[in-house]
Structures are given as C-alpha cells and as structure tokens.
Amino acid sequence: MTRLTVESVDTAIVDLPLRRQHRFSSLTIDHQSYVLVRVRTAEGIEGIGEAVVPGGPWWGGESIEGIKVAIDTYLGPCLIGRNATRVESLRHEMDRLVHGNPFAKASVEMALFDAWGKALGVPVYDLFGGLYRETIPVTWALGADDAKVVIDEIEGKLDAGLHASFKLKMGAQEPAQDVARVLDIARVLAERGSLRVDLNCAWDELTSTRWLPELEAGGIELVEQPVPGWNVDALARLSALLRIPIMADESVWSPQDAFRLARAAGADIFALKIPKSGGLTMVRRVADIAAAAGISCHGGTTIESSIGTAASAQLYGALPEVTEGCELFGPLLLADDLVADGLDYRDGQLHVPRGPGLGITLDEDKVRYYTREHHAG
Ligand code: MN
C-alpha cells in the first residue's frame with residue numbers, strides 16, 4: 001500500500017496573458033486566471049492541481065478569488081495529516097464540509113491524483129483503467145467576433161494544417177445578425193473543415209426553435225447548449241426538432257444531471273469538464289451514465305493551462321466514452337505557460353502526456369513571474 005501523509009496545501013493565484021482576446025456571449029477576456037494548488041506530503045511528494053473558471057464567475061458562479069479562500073480556509077486544512085491516496089474518502093470529507101464549489105474541489109482532487117501517480121511512478125490514466133487512446137483530436141474555439149476576424153483566423157489555422165474542426169461562440173449579438181454572421185463563416189469554410197456553435201445558454205426556447213433550423217440548413221454540424229442549463233425539457237424538444245446533434249454543457253455538471261438528461265433524451269453528446277463536475281472521479285461517473293444511455297462524450301475545456309489540460313488529457317485518454325474529440329486548446333490560446341515541458345500538439349491532435357502523475361513539471365520561474373501580487377490593504 002502507498003501512504004502519502006498530507007503536510008500542507010498551498011494556493012497561489014496566477015494570471016496568464018492570452019495570445020488574442022477571447023469573446024464569450026457575456027464578456028471578452030485578454031487573460032485567464034488560475035489557482036495553483038500544491039499538496040505536499042511527508043514523503044516528499046508534491047501534487048499539483050489547478051482551478052480555473054472561464055474568464056470569471058459568469059459561467060459557474062465560482063470566482064478565482066473565492067476558490068482560493070475556499071481552499072485556504074476549508075478544503076485544504078481538512079486534508080492535513082490524511083492519506084492523499086484515499087481520494088474517494090477525502091472527496092467525501094470535502095463534500096461534508098463545503099456544499100457545492102465543484103471548481104475548487106476539482107483542483108484539490110487533481111493535486112491528490114498527481115501526488116498519488118508520482119508516488120507510484122505511473123501516469124494518472126493508469127489510475128483510471130489505463131490508456132485507451134494515445135491522442136485526442138482538438139477542435140479550435142473561435143470567439144464571438146465579426147465574420148471577417150473569425151474567417152482570417154480560420155484561414156490561418158487551415159493554412160498551417162493545425163485544425164480542421166472549429167467551434168464558434170455565439171450569443172453576443174442579436175440572433176438574426178448572429179446567425180447571418182455564422183452562415184457567412186460556414187459558407188467560406190465550406191468543405192474544408194467542420195463548424196459547430198456554442199450559445200452558452202444565450203437563447204430561450206422560442207429563439208432556438210426559430211433559428212437553430214437555419215443553422216442546421218447552413219451546414220453547422222453541432223449545436224452546444226442553446227438554452228439555459230436548467231431547461232432540460234427545452235433541450236429535449238430541440239433534440240427532437242433537429243437532425244444535427246445537441247451537446248449539453250451547462251446542463252450537465254453532476255452524475256445526477258447526466259441521469260436526468262439521459263432520461264429526458266435532452267442531448268446527443270455530453271461535454272465533460274473536470275472543474276464543473278468537481279473532479280476526475282465525478283467526470284468518470286458522468287461518462288459511465290452516458291455510456292449506459294448511449295450518449296457520446298466530448299472532452300470539454302474551461303480554458304485550462306497546461307496543468308489542467310494535462311489532467312483532462314489523462315482522463316479523456318483513459319475513458320472509452322470520449323468518442324467526440326476534445327476542445328483542449330487552452331495552452332494554445334495562452335501566450336505563455338507554467339510548465340517546463342509543454343504539451344504535445346501535432347496535426348490537430350493532443351498527445352496524452354506519459355510521465356508520472358499529470359505528466360507535467362512546473363516552471364517555477366514562470367509561476368513566480370505570473371503569481372498575482374498581494375498588495376497591502
Ligand atoms: Mn460550452
């Protein structure tokens with residue numbers, strides 16, 4: 001048996017610049033913030049985890065600043081003296097102390113898995129049944145920008161042979177104008193690649209019923225979360241209306257959400273994300289329910305850095321259910337990195353890291369440089 005006694009849990013907020021602005025339906029970001037979690041053990045093993053919310057608290061309610069407080073005050077102290085390899089037991093302990101806060105809990109659990117894998121000398125995918133796929137196709141995400149800006153970016157990616165699958169954010173403009181913009185982009189892209197859209201809950205059911213068929217007719221291959229997360233009934237009616245698949249993201253956080261969606265036939269594909277589900281073990285349960293219901297899975301992103309992306313790749317690399325590729329483009333959108341050994345992206349694929357734990361090593365100079373300054377007062 002392996003024993004790893006937790007001695008300390010430390011956190012730091014780091015702010016990384018983006019290569020270009022990223023526009024969501026509700027805000028535009030030029031940097032992405034993270035809480036870096038370090039779980040140190042008496043045996044000299046350090047586990048690394050990362051908490052991230054996309055741009056701010058608009059997506060899931062938690063904020064980077066709040067996550068740091070939740071870990072420093074509640075989640076971290078409850079692990080001290082405990083065996084870091086008893087992940088399920090420690091997860092229950094965290095749930096007993098703190099309701100909700102899946103983004104914060106996911107980062108702590110990630111650090112536990114990293115420490116455990118390092119102690120055993122195995123990658124995290126070995127703790128999830130072993131490697132199922134060595135590479136994962138990566139969809140490139142485009143912002144909710146004007147058609148010209150988006151087309152220039154697509155042409156650049158196609159010329160470089162980097163990606164042939166693109167996801168476009170929608171919902172920042174009036175529906176008629178937004179749909180016209182997307183159809184313009186789809187016409188230019190034509191046969192050279194595939195285009196999917198993510199509304200991030202921006203439309204109601206009436207707007208979706210009016211406009212989604214137009215997107216389908218224009219060659220859009222998939223629609224992600226057109227309506228608010230709670231509206232599972234609307235998702236079910238829209239799934240029945242459209243021939244193209246509907247992917248649920250904001251509607252599927254927990255295994256219970258997955259079960260409810262599966263029963264309602266509310267989605268063809270689930271977007272998996274470690275942060276929203278509260279960790280790797282909970283994502284595996286969501287994927288198990290998807291498998292039992294005949295629903296496919298896609299490896300989603302919350303714009304993780306190389307740390308969270310490595311964790312996602314470890315898990316998606318192990319889960320047979322992730323048949324619909326991934327959007328783990330975070331490190332490609334960031335202008336700099338926190339790890340010494342950058343992730344391996346080639347030919348539109350992310351190669352699953354093969355080293356022990358998450359398979360990454362921190363660049364401590366970079367971490368220091370990007371750590372948010374603590375100003376007095
Ligand atoms: Mn989404």
Side-chain angles (χ1 to χ4, degrees), residues 18 22-29 32 52-62 102-103 106 136-145 150 163 165-173 178 182 194-204 207-208 211-212 215 220-232 234-235 238-239 242 244-254 257-258 261 266-278 282-283 286-287 290 295-304 308-309 312 315-316 322-330 332-333 350:
L18 302 187
H22 196 59
R23 195 167 173 203
F24 297 99
S25 60
S26 58
L27 87 165
T28 301
I29 59 173
Q32 175 66 55
V52 56
V53 300
W58 69 282
W59 199 97
E62 288 174 76
F103 289 69
I136 313 168
V138 183
T139 293
W140 182 252
L142 302 147
D145 300 289
V150 171
H163 302 272
S165 168
F166 299 94
K167 167 166 146 177
L168 198 49
K169 290 288 186 185
M170 292 185 72
Q173 303 174 10
D178 212 5
V182 168
S194 61
L195 189 62
R196 50 183 62 187
V197 295
D198 185 359
L199 272 300
N200 284 117
C201 313
W203 287 353
D204 58 17
T207 309
S208 300
W211 291 106
L212 292 183
L215 292 175
I220 301 306
E221 61 158 1
L222 177 157
V223 176
E224 182 174 340
Q225 197 70 46
V227 296
W230 58 266
N231 205 344
V232 171
L235 277 185
L238 292 167
S239 290
L242 299 174
I244 55 173
I246 288 200
M247 179 149 76
D249 184 2
E250 284 90 335
S251 286
V252 56
W253 294 51
S254 64
D257 293 337
L261 267 170
D268 306 282
I269 305 172
F270 288 164
L272 307 178
K273 292 178 178 174
I274 293 172
K276 70 177 177 182
S277 291
M282 295 309 269
V283 169
V286 169
I295 293 168
S296 304
C297 291
H298 169 73
T301 185
T302 312
I303 315 190
E304 287 87 350
T309 300
S312 305
L315 184 61
Y316 303 159
V322 186
T323 54
E324 300 303 309
C326 76
E327 53 172 12
L328 292 173
F329 60 83
L332 302 173
L333 188 61
L350 172 59

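Both ligands and their constituent atoms are indexed starting at 1 by order of listing. Positions are given from 1, in the same order as the sequence printed here.
- With contacts defined as side-chain heavy-atom distances shorter than 4.5 Å, the pair Asn200/Trp58 qualifies.
- Distances from the Mn ion (ligand 1) to each N, O or S atom of Asp198 single out OD2 as the nearest.
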**Prompt:** Would Leu315 and Leu272 count as a side chain to side chain contact (heavy atoms under 4.5 Å, CB included) if you check the C-alpha gap in whole Å, the side-chain angles of each, and the deciding distance to 0.1 Å?
**Reply:** CA-CA 10 Å; Leu315 184 61; Leu272 307 178; over 6 Å; no
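- Phe103 and Trp59 have perpendicular rings, their planes meeting at more than 60° on a 0 to 90° scale where under 30° would count as parallel.
- Residue contacts to the Mn ion (ligand 1): Glu250 brings no N, O or S atom closer than 2.8 Å.
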**Asked** Could you go step by step and tell me if His298 and Phe270 meet the side chain to side chain contact (heavy atoms under 4.5 Å, CB included) rule?
**Response** CA-CA 6 Å; His298 169 73; Phe270 288 164; over 6 Å; no
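- In Asp249, the N, O or S atom that comes nearest to the Mn ion (ligand 1) is OD2.
- The atom name of the N/O/S atom in Glu224 closest to the Mn ion (ligand 1) is OE2.
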